[in-house]
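In what follows, every heavy atom counts, from backbone to side chain, and hydrogens, waters and symmetry copies are set aside. Here is how names work: the chains are called A, B, and so on, in the same order as the sequence lines, proteins then strands, and each is numbered from 1.
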2 protein chains.
Amino acid sequence: MGVTIHDVAARAGVSVATASRAMSGQRGVRAENRDKVLAAARELDYEPNVVAASLRSRTTHTIGMVVPRIANPFFATLVESIEKRLHDGQRSLLLANSHYEPEVEQRQVRALLDRRVDALILIPCHRERSGEVLATAAARIPVIQLDLRVDGFASSWVGVDNEAGVWQVVRHLTERGAKRLVFVGAQPTDSAAQARLDGYRRAAGDGDDVLLGDFSKEWGQQAAKLLLQRGDLPDGIVCGNDTIALGVLGELASNDVRVPQDVLVAGFDDIPYAELSRPALTTVRQPQEQIAAEAVRILDARLADDAAAPRSTAITPELIVRAST
Amino acid sequence: MGVTIHDVAARAGVSVATASRAMSGQRGVRAENRDKVLAAARELDYEPNVVAASLRSRTTHTIGMVVPRIANPFFATLVESIEKRLHDGQRSLLLANSHYEPEVEQRQVRALLDRRVDALILIPCHRERSGEVLATAAARIPVIQLDLRVDGFASSWVGVDNEAGVWQVVRHLTERGAKRLVFVGAQPTDSAAQARLDGYRRAAGDGDDVLLGDFSKEWGQQAAKLLLQRGDLPDGIVCGNDTIALGVLGELASNDVRVPQDVLVAGFDDIPYAELSRPALTTVRQPQEQIAAEAVRILDARLADDAAAPRSTAITPELIVRAST
DNA sequence: TTGAAAGCGCTAACAA
DNA sequence: TTGTTAGCGCTTTCAA
């Protein structure tokens, strides 16, 4: 089965080399021959075998991407933005999930390397333990870190300035009159958790109050319970991300604590559901389209010029004030 | 650059054929030789070129998947479940987005076929217009439709019984005392929108009240505005999915309409955010893990036996009652 | 501008 | 159980 380039070449009355050149749009083919080849391909319903082309040309037109958790709308939106950019250029996305486990992440990256992806977009799930596999990959193909990053690894990265984002939140809550703040965040195993915690500590100053769990709504609910049990509620809750914040809001509502009257609550990321909660959630917006566009731009530069220097871009995120503060 | 199977074979002192057999775990290799090959591969840090293997063996161990919109948490969760299943078997997922546009979907499916994916998992974005590309793909490789389906296309499909789900919602609202219902759904361009609308019409009987837009929170907000403008609010709102329902809830809250005291609201899908809204949303749960598992099972059966008959599975979804009703 | 020919790295048929 | 050999379908020298 299957029409090959030989069939097309035969029908067009040229060699396979000419057929190949014509179809890949190279110059150095007489217009007349090019048209004959294209016509033959159409008539025969020719479908090029890109696997064979990849073997010979050593490029797969495929980009690998590993994210911690696709089901997280923040990452899903990022994937969607990347995918949109790539398809402008006829490339495809091989997607994998690390479940926030460095071992799984390592397996996934190796699988992508085995598949000879042209480049890798990695959201490294761990500040330290993702370093090894990142180095392995970076030694072979262009790699860019997205959103999260590995400590002290001098490779390209695109994301937001998390510290600046948290700083804005703290200042906003203070301006709204909050005197006693608490930070409900995640254990600093990934770089965003770390940077947001650092940012909070620096902005809130001494005597800061911090509860650390993970980036889940369940942790948000649990943390709110803890705060309620402690008896004296703070007057401002800075959450490590929107999912936590939504958990906090839910738990507070269940206990008849009014937001923003009794306590102010803010999140981070601006996922689509932040706007839908009641009260709508004040949060820090990550410009995902912009992050994705910049990432693909940097990758293309590396792909075009192997010696291109690593480039990092930290975008300053925007505070979105809604009813919860 | 690059260690090839020839290097491994030379080091192990066997032929490339034996090396290949040993590494792919085929029987018919003496244990002693197998160990030598495996040791040589490890020592040389051999990375098999799966592109070359694919060209020769005509199988890529890659599954293509096209979804309408990855950013929709319902689809994202489905992708994650599928990905988890596949990786048990060392296969990867080539992911593409159709943006609910049949033309884009067609391009994406063709690209996946060009890449010689072993099978295709398609969530067809249109009841009718997805038919053509589905047929093209099904003529070449095993294809399974997930969640959505094309009208009258006799191929494998896995999803939920949407009519039964809506039926449960309507009965529940009626039992809660609702007399006048309205359905806020999506134009029936995809099969779920159609089935849920049909289900509603059949369950609610004559004089049914129906507003149709798309599956977005914006449409939910707009529909709620429309209902408020009409003056006499119904006492039960059946929404086509959770995203619409969350939009409806938000708009009602902004207008001081109390849920469930003034009006009951229910959704469909049970996305993670359904539970987080206040009031928490009553909805119909789609068992995504189960859908994914069944889909991969059917695909594997087709892959193992080319003549396996198409198989469709409609899972009856479960009503999850929360505070909104 | 074109064609002949040589692989890309692997697996599978065949023969031993 | 093993090795030899012939491709998979394409791109890319190289020479004309």
Touch class at under 4.0 angstrom, heavy-atom based, for B/Val14 against every strand present: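 Here B/Val14 touches the backbone only, sparing every base.
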Provide, to the nearest angstrom, the distance between the [atom1] atom belonging to [X] and the [atom2] atom belonging to [N].
X	N	atom1	atom2	result
A/Leu55	D/dG9	CG	P	12 Å
B/Leu44	C/dG9	CG	C1'	15 Å
B/Arg116	D/dG9	CZ	P	8 Å
B/Glu32	D/dT1	CD	P	13 Å
A/His61	D/dC10	NE2	P	14 Å
A/Asn49	D/dG9	CG	P	7 Å
A/His6	D/dC10	NE2	C1'	8 Å

Separation between CG of A/Asp114 and CG of B/Asn49, rounded to the nearest 0.5 Å: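 Between atom CG of A/Asp114 and atom CG of B/Asn49 there are 9.0 Å.
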Atom pair CZ/CD of B/Arg69 and A/Glu80 - distance to nearest 0.5 Å: 4.5 Å
Under 4.0 Å protein heavy-atom contact, by nucleotide of nucleotides 11-16 of chain C - B base, S sugar-phosphate only: BBB---
Please tabulate, for side-chain N and O atoms in residues 6-13 of chain A, each donor-acceptor pair with protein atoms closer than 3.5 Å (sequence neighbours left out).
from	atom 1	to	atom 2	distance (Å)
A/Asp7	OD2	A/Thr4	N	2.8
A/Arg11	NE	A/Glu43	OE1	2.7
A/Arg11	NH2	A/Glu43	OE1	2.8

Side chains of [X] and [Y]: donor-acceptor distance under 3.5 Å anywhere?
X	Y	value
A/Gln194	A/Arg127	yes
A/Thr62	B/Arg115	yes
B/Ser98	B/Gln108	no
B/Thr59	B/Asp118	yes
A/Ser155	A/Gln145	yes

Distance test, side-chain N/O of B/Thr18 to OP1/OP2 of D/dT2, below 4.0 Å: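 Indeed not, no polar side-chain atom of B/Thr18 lies that close.
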Rounded to 10 degrees, the angle between the two terminal axes of the helix from C/dT1-D/dA16 to C/dA16-D/dT1, each from five pairs: 30°
Candidate nucleotides D/dT4, C/dC10, C/dT2, ranked by approach to the side chain of B/Ser15 - the nearest: D/dT4
Hey, can you pull the donor-acceptor pairs under 3.5 Å for the side chains in residues 293-300 of chain B, sequence neighbours left out?
from	atom 1	to	atom 2	distance (Å)
B/Glu294	OE1	B/Arg297	NH1	2.5
B/Glu294	OE2	B/Arg311	NH2	3.1
B/Glu294	OE2	B/Thr313	OG1	3.1
B/Asp300	OD1	B/Arg91	NH1	2.9
B/Asp300	OD1	B/Arg91	NH2	3.2

Sub-4.0 Å heavy-atom contacts from residues 33-43 of chain B onto DNA chain C, ordered by number: none
A/Leu78 vs A/Ile291, side-chain contact (heavy atoms from CB on, under 4.5 Å): CA-CA, chis, key distance, verdict: CA-CA 8 Å; A/Leu78 220 36; A/Ile291 294 174; 4.3 Å; yes
Pairing residues for A/Glu132 by the side chain to side chain contact (heavy atoms under 4.5 Å, CB included) criterion, not counting sequence neighbours: A/Gln106
